[in-house]
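In this text the structure is predicted, and so the values were computed from the model without any measurement. Order of the sequence lines sets the chain letters (A, B, ...), proteins ahead of strands, with each chain counted from 1.
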Amino acid sequence: MSQQQKQKQQGKPKTAITPTREENYAEWYQQVVKSADLAETSPVRGCMVIKPWGYAIWENVQRGLDGMFKATGHKNAYFPLFIPLSFLEKEAEHVDGFAKECAVVTHHRLEAGPDGGLVPAGKLEEPLVVRPTSEMIIGATFAKWVQSHRDLPLLINQWANVVRWEMRTRMFLRTTEFLWQEGHTAHATDEEAKAETMQMLDVYADFAENWLAMPVIRGEKTEGERFPGAVETWCIESMMQDRKALQAGTSHFLGQNFAKAQEIQFQDDEGNREFCWTTSWGVSTRLIGGTIMTHADDDGMFCPPMVAPAHIVIQPVLHKPEAKDEVMAFCDKIIEALKTKVYGGRVIEVEYDTRDLRGGDKTWQWIKRGAPIRLEVGPRDVAEGNVFMARRDKGPKDKQSLKLEDFVERAADILQEIQDGLLARAKAFRKANTHVIDTEEAFYEFFKTPETADNETAPIHAGFVMAHFNGDPKLEERIKNDLAVTVRCIPLDGQKLCDDQGRPGTCPFTGEPSAKRVVWAKSY
RNA sequence: CAGGGCGUAGCUCAGCUUGGUAGAGCGGCGGCUUUGGGAGUCGCAGGUCGCAGGUUCGAAUCCUGUCGCCCUGACCA
């Protein structure tokens with residue numbers, strides 16, 4: 001018996017995705033990715049194929065962020081995929097952090113082998129590492145580009161793919177190869193580089209909230225979670241629907257560590273040679289994973305309108321041959337009218353689905369893909385000059401008839417209403433699952449996980465805890481070992497995560513003073 | 001990388017314990033009947049059972065190895 005049949009028998013409401021989030025979150029996530037046509041597994045271990053509907057979301061992410069980067073003075077450039085092994089060795093902590101997950105190219109030719117297959121030949125004198133991140137190759141280039149204080153600041157971004165040989169992969173959240181952007185900047189002063197780090201953190205938070213409708217907490221990573229080689233690592237952290245934290249973006253203040261390792265130096269206006277202060281910052285296709293786990297429900301994906309591949313899907317009802325021409329002409333009229341309307345900086349995008357499929361199939365496909373608005377247009381609507389509108393934020397059968405002119409006028413407003421609704425819902429969810437805790441006992445009780453067998457799926461995680469912390473890495477390590485919970489970040493002030501946000505108190509684990517409450521959670 | 005589960009048709013899986021010429025449902029294609037909601041019906045196509053060895057007269061089934069996927073953990077954007 002299929003799971004859907006079982007559901008029917010048990011009288012549960014039929015959902016497009018089985019299992020539901022509640023039943024098995026990890027499996028639900030995979031089913032959403034699959035049934036929304038976002039991506040699929042590939043013949044290559046740990047690597048996914050991003051399908052058109054998923055890639056279009058990424059293109060919208062790129063468009064949005066790229067505009068913000070350029071508005072803050074950054075220029076795009078492109079650097080090599082391969083990094084000579086010796087480059088990677090220059091910054092000790094950096095090597096340490098990435099060495100275990102590097103793909104290495106050792107040969108440059110294939111020859112016929114003794115058994116008929118191909119074998120690598122032409123061994124390279126120096127192996128090439130496939131970039132896991134580009135600090136080293138970009139730093140080496142910066143060293144040539146920067147001579148004088150007049151060359152600074154140097155503000156560069158690259159859109160690229162990187163490879164990290166992870167042990168365990170999950171589509172969009174952690175794949176061996178992934179797409180991202182990495183910003184790299186060099187500055188004359190400490191202050192300026194720090195300001196850049198914070199500026200880009202704010203850009204990320206702005207993008208996450210206003211484009212992806214994904215509420216984030218801005219904060220600093222503790223020592224243990226810092227980027228290898230960085231002086232400070234700042235991040236945006238978001239709560240997924242299983243109440244785990246997802247690090248959605250990072251911005252690093254690198255101090256002079258990389259500048260010294262790579263001799264990025266400039267002459268100041270008094271003729272002294274100084275090392276630059278550098279930053280790096282990045283977000284990846286993981287943002288799509290975060291968007292899925294923030295907004296998708298038991299009926300599948302829900303694309304925030306700002307990044308939706310199509311805003312509106314038109315489904316003509318064409319089963320009466322005598323009305324077909326009329327219906328299609330009316331649909332063309334809708335499409336033309338919407339071409340004059342703009343939402344979120346782009347002309348409203350319409351997907352006109354004329355495929356010869358049964359109505360229900362088509363409807364559910366678009367629900368599972370998460371199109372924000374569907375319009376059903378049949379003879380009845382044409383006769384009355386109406387469109388029959390269904391919104392992804394309402395029930396599948398909760399549909400509304402609107403005059404075509406009214407709909408066209410209001411379309412952008414409706415999309416914004418959907419976008420705002422998503423953010424509000426996600427914020428409310430985070431608020432409901434964020435708790436203030438002041439004793440060690442309550443902390444352990446909160447994060448205690450019920451015993452489960454080895455192969456059993458993990459129960460839904462408890463949530464975020466705002467608790468004081470004396471900052472001791474050994475204490476954090478102990479809690480990590482006990483509960484698999486870590487400090488997700490030390491939040492910046494003014495984010496209203498709890499009533500006494502940002503005020504000093506007492507560390508519940510040691511009784512020592514604590515500067516402020518930090519965010520504790522399990523994470524991806 | 002450790003523990004667990006699993007690789008059989010495009011997809012989900014049954015068959016394996018007790019070896020004897022490959023099954024179902026969904027999906028696809030074609031009919032008919034339908035149609036404002038994941039329809040019904042008839043027919044058709046589709047698999048050297050992950051791969052490599054071994055045992056056997058005979059292997060999807062037993063044994064060994066190997067590769068891959070999923071779950072839990074450690075590592076990490």
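- With A/C489 as the partner, the side chain to side chain contact (heavy atoms under 4.5 Å, CB included) test is satisfied by one option alone out of A/V518, A/I217, A/V216: A/I217.
- For A/R369 and A/W53, the positive end sits near the middle of the six-membered ring, less than 6.0 Å away and at most 45° from its axis.
- Evaluation of atom-type donor-acceptor distances gives a pair under 3.5 Å for the side chain of A/R174 against the base of B/C76.
- B/A77 has A/F178 stacked on its base ring, the centres lying under 5.5 angstrom apart and the planes within 30 degrees of parallel.
- Among all heavy-atom pairs drawn from A/D381 and A/V387, the shortest one is OD1-C, 4.5 Å.
- In this structure, the CG atom of A/N24 is 9 Å from the P atom of B/C71, given to the nearest Å.
- Taking side-chain N and O atoms only, A/R168 has a distance below 4.0 Å to OP1 or OP2 of B/C71.
- Nucleic acid contact for A/S251: none, since no nucleic acid atom lies under 4.0 Å from a heavy atom of the residue.
- In this structure, A/K399 reaches the bases: a heavy-atom distance under 4.0 Å links it to at least one base atom across the strands shown.
- Counting non-hydrogen atoms under 4.0 angstrom, A/L246 reaches nothing in the nucleic acid.
- Rounded to whole Å, atom P of B/G38 lies 9 Å from atom CZ of A/R358.
- Looking at heavy-atom distances under 4.0 Å, A/P379 makes contact with a base.
- Between B/C76 and B/G54, the two C1' atoms lie 41 Å apart (nearest whole Å).
- B/U56 and B/G19 have their P atoms separated by 16 Å, given to the nearest Å.
- Contact between the side-chain N/O atoms of A/R45 and the OP1/OP2 oxygens of B/G68 is found at a separation under 4.0 Å.
- Within 4.0 Å of A/G46, counting heavy atoms only, lie sugar-phosphate atoms of the nucleic acid but no base atom.
- When the side-chain nitrogen and oxygen atoms of A/K34 are compared with OP1 and OP2 of B/G10, none of them lie within a distance under 4.0 Å.
- Look at the C1' atom in both B/G10 and B/A52: the space between them is 27 Å, to the nearest Å.
- Nucleotides B/U66 and B/U21 are separated by 29 Å at their C1' atoms, to the nearest Å.
- Across the protein-nucleic acid pair, A/E27 atom CD and B/C71 atom P stand 7 Å apart, rounded to whole Å.
- Among the heavy atoms of the strands lying under 4.0 Å from A/K368 is at least one base atom, whether or not backbone atoms are also near.
- Residue contacts shown for A/G282 are absent, as no nucleic acid heavy atom lies under 4.0 Å away.
- Under a 3.5 Å cut-off, the side chain of A/R131 and the backbone N or O of A/P80 do form a donor-acceptor pair.
- Within 4.0 Å (heavy atoms only), A/S284 reaches at least one base atom of the nucleic acid.
- For the C1' atoms, the distance from B/U17 to B/G53 is 24 Å, rounded to whole Å.
- For the pair A/F227 CZ and B/A77 P, the interatomic distance rounds to 8 Å; values are reported in whole Å.
- The ring pair (Phe, Tyr, Trp, His ring centres under 6.0 Å) pairs that include a residue from residues 204-243 of chain A are A/H94-A/F227, A/F98-A/F227, A/F207-A/W211, A/F227-A/H252, where partners are two or more places apart or lie in different chains.
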